[in-house]
Structure formats: C-alpha cells, structure tokens
Amino acid sequence: MNRMERGPGLGLSGLSVTEAGARLRRGEVSPVDLVDACLSRIAATQDELNLYITVLDETARTKAVQAEMEIRRGRLRGPLHGIPFAVKDNYHVKGVLTTAGSRLMLDHMAEETATIIARLEAAGAILLGKLNTWEYGTGNGEVHHDLPFPVARNPWNPDRFTGGSSTGAGAAVAAGAAMFALGSDTGGSVRLPAAACGVQGMKATFGRISRKGMLPNCWSSDVPGPLTWTAEDNALVLSMICGVDPLDESTRDVPVPDFAAGLRAGRVEGMRIGVVRDFGEGAPAFQPALAENCERMAKVLEGLGAVVEEARLPAPLPAYRNTLSVINWSESYSIHEKDFLERHHEMGFALRDKMMSGSMVRAADYLAAQRYRRELSAATDAMMQSYDAVLMPTTSMVAPAFGDNDVVRAYTYAATTSIQNVTGHPAFAVASGFDDDGMPTSVQITTKYFDELTALVVAHAWERAADPREARPAA
Amino acid sequence: MSEFDWTDAEIAAWCRRIGLPAPDAETAERLRVQAGKVSAAGRTVPRVSEKDLEPATALRVPG
C-alpha cells in the first residue's frame with residue numbers, strides 16, 4: 001500500500017535545504033528547531049523504516065545551539081549553516097562508530113573524519129547520525145535479512161526495497177529524517193536509492209569529490225554523492241564537497257563553480273538533449289512507467305526550448321554492466337580478502353556471494369576489463385560531445401517488494417547506472433513521477449566530464465515546469 | 001579444465017589454493033555456479049588489440 005500525501009506534510013523536517021536556509025536567514029526558525037524536528041521524525045520512523053544505525057542526538061543538539069548563537073550574532077557561515085544532515089555508515093567520523101552495516105565492524109571507532117564531512121561541518125551543517133547500508137556498501141544485489149541491523153524500508157511503502165547500497169540515505173531524505181544525506185556510488189549506490197525513494201541523487205565525475213575517510217568498495221569506481229529533495233539542494237551541497245583533496249590522489253584540480261548560482265541562472269532553451277530509448281542486445285525490458293516518464297521529461301524540456309533527439313549508446317548496456325562487474329568483483333575482493341578467508345562466517349550472504357565471485361576472476365579478465373573500459377569511455381564521451389545532456393530511465397523497474405531476490409537483484413543489475421561508473425561521467429538521478437501504484441520513477445541526466453552544473457540546470461528546469469516536489473510519503 | 005563446469009575435486013583444490021577449508025556440498029554447488037557466472041562475464045569483455053602494448057592502458061582510471 002502506498003502512502004502518499006500532497007503538500008509538505010512533514011512539518012519542518014520536510015523542508016528543502018533551500019527553504020530551511022531561507023527561513024533561518026529570516027529568523028523564522030532556528031537550527032535547534034530544525035534538528036529537533038528531524039530527531040522527532042527519526043524517532044517516529046525508526047522502528048518501522050530502520051533508516052539509522054547511529055543517531056547522534058546529543059551532539060547534534062549541542063551543535064544546533066552553537067549554530068543558533070552564531071547566527072544570532074550575525075555570523076552566518078553560508079547556506080548550509082544550521083542544516084541537519086546524515087551520512088551512510090561507510091564514512092568515518094572521529095569518535096563515532098563506523099559499522100559499515102557489518103558484524104566485522106561493530107566495534108570500530110573512527111579515528112578520523114572524512115574530508116567531505118569535515119567540509120560540511122565547517123560550513124555549519126549539523127550531523128544527525130549514520131545511515132543504514134548494505135554490508136560495506138556492496139554485495140550481490142540481494143537482501144537476506146542476515147545483517148546486524150534490520151533492513152531499511154521504503155517510506156513510500158515499507159514492503160518495498162529502498163535501493164542500495166545507500167539504503168538509509170534515499171529513504172531518510174524522502175521521509176524527512178534528514179534534510180540531505182551522503183551516500184556513495186560504485187555501480188549506482190547513490191542513484192538507485194534516489195530512484196527508489198523519489199529523491200535527487202548525484203554521482204559526480206570520478207575525481208570530483210574526495211573519498212578520503214570513506215570505506216572503499218571499488219577504488220577505480222567509488223564516488224561519494226549527495227541525496228537531496230530538490231536539485232537546488234543538491235547544488236548547495238555539491239559546492240561544499242567538490243574539489244581537489246591532497247589526501248585523495250584521485251581527485252582532480254578542476255574549478256568548482258557556484259552550482260546553486262549557476263542553476264538559478266541556467267536555461268535549457270537551446271540545449272541539445274539526447275534520449276536513450278534502445279539499450280541494445282541483452283538489455284532488460286523497461287516497465288512502461290519508467291520509459292513513459294522519461295519521455296514526459298523530454299517533452300517538457302522540449303517545451304522549454306531544448307532540441308530533443310534520440311541518442312545511441314556506443315555499446316549495449318550489458319557490455320557496461322559486465323565490464324563493471326569484473327572490475328568491481330576483483331577490486332572488492334582485494335579489499336576484503338583477509339576477512340573473507342578468516343571471518344567469512346560473520347559476513348552476510350550477499351557479501352560472501354560477491355567475495356566468491358571476486359576470488360575467481362582471472363587477472364587477464366580484470367586487465368581486459370580495464371582496457372576495454374578505456375575504449376567504452378572514449379566512445380561514450382564522443383557520443384556526449386553531441387549533446388548538452390542525455391536522459392535515460394535510471395532503472396528498468398520501480399522499487400520491488402522484498403521477498404523474491406531474483407527481482408530485488410534485478411533492480412540493481414538491470415539498471416542503467418553502471419554506464420557512468422564505467423566511464424566516469426557525471427549522472428544525476430532525478431524523480432520523474434510515479435507508476436500506477438504510486439511508487440517513484442526516475443530519470444538520470446548524464447553530462448560531459450566535470451559538467452555537473454548542466455545536469456543540475458536541466459533538473460531544476462524540470463522541477464519548476466512539472467514537478468514542484470510536493471508529494472511526500474505520508475507522515 | 002572447463003571453466004564453466006568445475007568438478008568437485010577442482011572446487012576443493014580451488015578452495016585450498018585461496019585458503020578456504022574444503023566446502024560442503026551446498027557450498028561446492030554455489031561455487032560451481034559462481035565459477036560459471038564469473039567466467040562467462042570475463043569472456044564477454046572484448047580484448048583490445050594485442051599489438052597495443054602501451055602499459056598505461058591497463059590501469060588508468062576514467063574521467
């Protein structure tokens with residue numbers, strides 16, 4: 001049963017970051033009000049939805065009081081000052097447990113804070129806690145209910161999957177249990193929860209955002225990313241977390257624009273926008289609502305002055321998926337091999353299953369996959385030169401019910417998200433509407449390397465024209 | 001040895017090689033399925049020209 005409600009029925013905790021920031025600046029609400037509203041929402045939903053692994057209620061309240069005093073004295077640090085947020089429990093926060101959702105990490109006290117969390121806290125954002133996740137943010141796509149924390153559930157329908165691996169992140173934003181969240185994306189782990197839960201999730205260009213202090217899954221694909229209620233919120237967070245980090249040598253020294261200002265000033269008029277309709281041999285069948293809502297978004301953008309035409313990927317979708325699987329199995333196994341050999345009985349089935357796969361990949365196949373990846377990246381980038389943005393359904397289905405693991409696994413493995421993890425391009429998963437059962441659908445907007453701004457502009461235009469972001473899961 | 005249909009002895013040898021105890025029947029069957037899946041995925045990855053010997057092509061990450 002879907003539980004939708006029109007209008008911002010969640011009170012203060014359901015405000016967008018942008019709106020909450022505006023009210024803070026006008027003195028209509030305080031950081032304490034916002035933190036208390038989110039903590040109340042967490043308390044009201046935790047038993048049913050299992051969104052959080054750790055709630056930092058005392059420190060969040062203390063920081064909210066400090067933020068309130070600073071703001072009253074006129075020392076507003078920026079648009080995130082006083083805004084409550086949460087992070088997937090694969091990020092380190094000094095003095096807080098990092099469990100990674102695993103029995104192997106239940107007593108792991110972090111001794112450092114991830115670079116991007118430190119940046120957000122320096123900007124005045126207030127950490128509410130650590131969110132549910134698949135074990136180590138990885139697995140075989142299945143849900144076996146065998147981890148130390150109960151599985152997170154979808155606030156649109158608790159019988160449904162949240163998308164993974166950032167299972168708590170999309171659900172927490174949709175439920176109003178955090179104003180924004182950080183996830184991490186190796187094969188779609190930001191975009192899939194965003195799609196399942198009807199929120200906006202950005203996988204930026206590989207190298208755009210520091211991974212320092214985030215547990216690895218697959219070194220050559222991992223990208224941290226924000227999940228937010230609106231595109232403008234995503235722009236505000238991105239501006240704080242993007243940029244080179246001397247502690248993560250994968251990051252690139254590329255200028256970081258003021259994404260929010262760029263989003264507000266941007267126009268889709270005159271943009272050339274491609275729509276991928278044919279994903280090639282072996283691609284999954286898409287549920288009608290996914291394809292129809294993608295076409296609807298294209299039509300709306302066309303009405304705003306964009307030139308829309310069909311785009312063709314240089315290779316079938318399974319070529320991207322298989323390439324990423326071989327790379328991910330290998331790198332993930334190299335990360336977890338010691339624990340797999342010595343403590344595999346403490347791992348959940350989904351991680352053990354993936355480790356088995358990883359143990360069997362031949363070096364020749366791994367190297368072939370990395371070399372083919374370069375060809376795929378170059379060919380995909382050549383296609384992208386013809387467009388400002390390319391649209392495609394993020395997934396082939398809406399969030400499925402728990403129970404049939406063949407279907408749950410297919411939610412991840414029949415998605416289109418692996419394309420941009422192979423090539424490194426940015427991709428923004430944006431809510432595109434609902435199916436007949438009221439479950440959210442999603443479109444991902446892909447752009448050229450380091451051009452996240454154009455994806456934000458397109459998403460913002462779509463929201464203003466067709467999706468004012470009013471429908472929320474019922475409180 | 002077929003990579004798509006490992007025998008019980010091959011699976012037991014594989015487990016020894018990577019440091020796992022000999023598997024029970026259920027685990028051996030799961031390993032047999034995994035081996036087929038992994039081999040199939042690896043074989044679908046096209047090989048670039050064998051004349052392309054630039055070493056950096058193997059390891060450079062995208063972007």
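Proteins come first, then strands; the chains are lettered A, B, ... in the order of their sequence lines, and each starts at number 1.
Annotation: maximal heavy-atom pairing with chain B below 4.5 Å, among A/Ala369, A/Gly207, A/Ser359, occurs at A/Ser359. Of the listed residues (A/Val326, A/Leu376, A/Val361, A/Leu341), the one with the most heavy-atom contacts under 4.5 Å to chain B is A/Leu341.
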Residue pair A/Thr205, A/Arg252: steps toward the side-chain contact (heavy atoms from CB on, under 4.5 Å) verdict: CA-CA 10 Å; A/Thr205 309; A/Arg252 303 288 185 87; over 6 Å; no
Full working for salt bridge (Lys or Arg N to Asp or Glu O under 4.0 Å) between B/Arg47 and A/Asp365: CA-CA 9 Å; B/Arg47 270 48 178 167; A/Asp365 288 337; 2.4 Å; yes
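Residue contact with chain B, scored on non-hydrogen atoms closer than 4.5 Å, is absent for A/Asp381. Looking at A/Ala319, there are no atoms closer than 4.5 Å to chain B (heavy atoms on both sides), in backbone or side chain. Both the backbone and the side chain of A/Ser357 have a heavy atom closer than 4.5 Å to some heavy atom of chain B. Contacts between A/Tyr333 and chain B at a heavy-atom distance below 4.5 Å involve the side chain alone, from C-beta outward.
Residues satisfying the salt bridge (Lys or Arg N to Asp or Glu O under 4.0 Å) criterion with B/Asp8, sequence neighbours excluded, are B/Arg32.
Using a 30° and 60° split on the angle between ring planes, A/His425 and A/Tyr449 fall in the parallel class, below 30°.
Judged purely by distance below 3.5 Å, without hydrogens or angles, the side chains of A/Thr138 and A/Asn217 pair a donor atom with an acceptor atom.
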